[in-house]
Amino acid sequence: QVQLVESGGGLVQPGGSLRLSCAASESIFSIVNMGWYRQAPGKQREFVAVISSDGSTNYADSVKGRFTISRDNAKNTVYLQMNSLKPEDAAVYYCCNFRGSWGQGTQVTVSS
């Protein structure tokens, strides 16, 4: 069973930044796509960003230009740099490997 462990969430003011990390126990991390999703209270989980094994990326329209997904294959870790945060970005953020594994989630709160 692959383990994905997120970290880096917290409370930030609107306009602020956070960087989320997701460490994977998967030995084949470098050849799998990794992604971030989020779920706000009362809403369905939604796609945020994906990074493929070759480094290509794709983003939800709502975060384009503000969020950046990246990966460090040597550390089996995927990151989500979130800038210019808005109150509507507040949610529990989850990473996944598109192979059935999800992390436990990390809470992001955007509030003044």
Side-chain angles (χ1 to χ4, degrees):
Q1 180 76 15
V2 175
Q3 289 191 329
L4 302 175
V5 180
E6 301 102 334
S7 61
L11 172 64
V12 64
Q13 292 185 343
S17 298
L18 281 175
R19 189 176 82 153
L20 307 183
S21 300
C22 173
S25 65
E26 192 163 26
S27 61
I28 59 170
F29 176 84
S30 64
I31 62 171
V32 300
N33 297 342
M34 295 294 297
W36 288 95
Y37 283 70
R38 65 187 182 186
Q39 187 167 19
K43 295 187 176 181
Q44 289 189 330
R45 191 171 296 190
E46 65 175 5
F47 167 78
V48 175
V50 59
I51 185 165
S52 68
S53 57
D54 66 3
S56 59
T57 59
N58 195 22
Y59 299 91
D61 288 343
S62 59
V63 306
K64 278 181 182 177
R66 300 187 298 120
F67 290 12
T68 302
I69 188 171
S70 61
R71 65 192 298 162
D72 184 339
N73 290 336
K75 296 182 178 179
N76 279 15
T77 300
V78 62
Y79 304 98
L80 186 67
Q81 177 67 43
M82 305 185 296
N83 298 328
S84 302
L85 282 161
K86 305 175 181 180
E88 52 264 42
D89 294 318
V92 178
Y93 283 71
Y94 300 89
C95 71
C96 70
N97 65 358
F98 299 102
R99 292 162 52 89
S101 296
W102 293 84
Q104 82 288 351
T106 185
Q107 177 73 51
V108 172
T109 302
V110 184
S111 174
S112 55

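Given the structure is predicted, the values throughout are model-derived calculations rather than measurements. Just so you know, these numbers use all the heavy atoms, side chains as well, and skip hydrogens, waters and symmetry mates. Nothing fancy with the numbering, it's 1 onward along the sequence.
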Worksheet item: Hey, is the main chain of Gly9 close enough, under 3.5 Å, to the side chain of Thr106 for a donor-acceptor pair?
Response: yes
Fill in: Minimum heavy-atom distance between Tyr59 and Thr68, given as atom pair plus value
OH-CA, 3.3 Å
Worksheet item: When you look at Val108 and Met82, which way does the side-chain contact (heavy atoms from CB on, under 4.5 Å) test go after all the steps?
Response: CA-CA 10 Å; Val108 172; Met82 305 185 296; 3.8 Å; yes
Worksheet entry | Close side-chain approach of Phe29 to Lys75, heavy-atom, < 4.5 Å | no
Item to complete: List the steps and the verdict of side-chain contact (heavy atoms from CB on, under 4.5 Å) for Ile51 and Asn33.
Response: CA-CA 6 Å; Ile51 185 165; Asn33 297 342; over 6 Å; no
Fill in: Residues, nucleotides or ligands: over 12 heavy atoms within 6.0 Å of Gln44 CD
no
Worksheet item: Of all residues at least two apart in sequence or in a different chain, which pass the ring pair (Phe, Tyr, Trp, His ring centres under 6.0 Å) check with Phe47?
Response: Tyr37
Worksheet item: Do the side chains of Glu46 and Gln39 get nearer than 4.5 Å, heavy atoms only?
Response: no
Worksheet item: Leu80 versus Val48: any side-chain heavy-atom pair under 4.5 Å?
Response: yes
Worksheet entry | Short side-chain donor-acceptor distance under 3.5 Å, Asn83 and Ser17 | yes
Item to complete: Could you please spell out the steps behind the side-chain contact (heavy atoms from CB on, under 4.5 Å) verdict for Trp36 and Val78?
Response: CA-CA 9 Å; Trp36 288 95; Val78 62; 3.9 Å; yes
Discussion item. If I compare all heavy atoms of Gln104 with all of Val5, which pair ends up nearest, and what's the gap?
Written reply: OE1-CA, 3.7 Å
Worksheet item: Is there a side-chain contact between Leu4 and Glu26, using heavy atoms and a 4.5 Å cut-off?
Response: no
Worksheet entry | Expected output: side-chain Ser25 to main-chain Gln3 donor-acceptor under 3.5 Å | yes
Discussion item. Apply side-chain contact (heavy atoms from CB on, under 4.5 Å) to residues Gln13 and Leu85 and explain how you reach the verdict.
Written reply: CA-CA 8 Å; Gln13 292 185 343; Leu85 282 161; over 6 Å; no
Practice prompt. Flag yes if Val92 and Trp102 sit in one hydrophobic cluster, no otherwise; membership is Ile, Leu, Val, Met, Phe, Trp, Tyr, and two members link when side-chain heavy atoms are under 4.5 Å apart.
Written response: yes
Worksheet item: Under a 4.0 Å N-O cut-off, is there an ion pair linking Lys64 with Asp61?
Response: yes
Practice prompt. Report yes or no: is the cationic atom of Arg38 (NZ for Lys, CZ for Arg) closer than 6.0 Å to the six-membered ring centre of Tyr94, at no more than 45° off its axis?
Written response: no
Worksheet entry | Heavy atoms of other groups near Gln107 CD, more than 12 under 6.0 Å | yes
Item to complete: Not counting sequence neighbours, list each pair that qualifies as a disulfide (SG to SG under 2.5 Å) and has a residue in residues 44-112.
Response: Cys22-Cys95
Worksheet item: Between Arg19 and Tyr79, is NZ or CZ placed under 6.0 angstrom from the six-membered ring centre and within 45° of the ring axis?
Response: yes
Item to complete: Report the relative orientation of the aromatic rings in Phe67 and Tyr93; use parallel for angles under 30°, tilted for 30 to 60°, perpendicular for over 60°.
Response: tilted
Discussion item. A side-chain contact here means heavy atoms from C-beta on lying under 4.5 Å apart; do Thr57 and Val50 qualify?
Written reply: no
Worksheet item: Name the one of Asn97, Val32, Ile28 that satisfies side-chain contact (heavy atoms from CB on, under 4.5 Å) with Val2?
Response: Asn97
Worksheet item: Heavy-atom distance under 4.5 Å between the side chains of Ser53 and Ser30, does that happen here?
Response: no
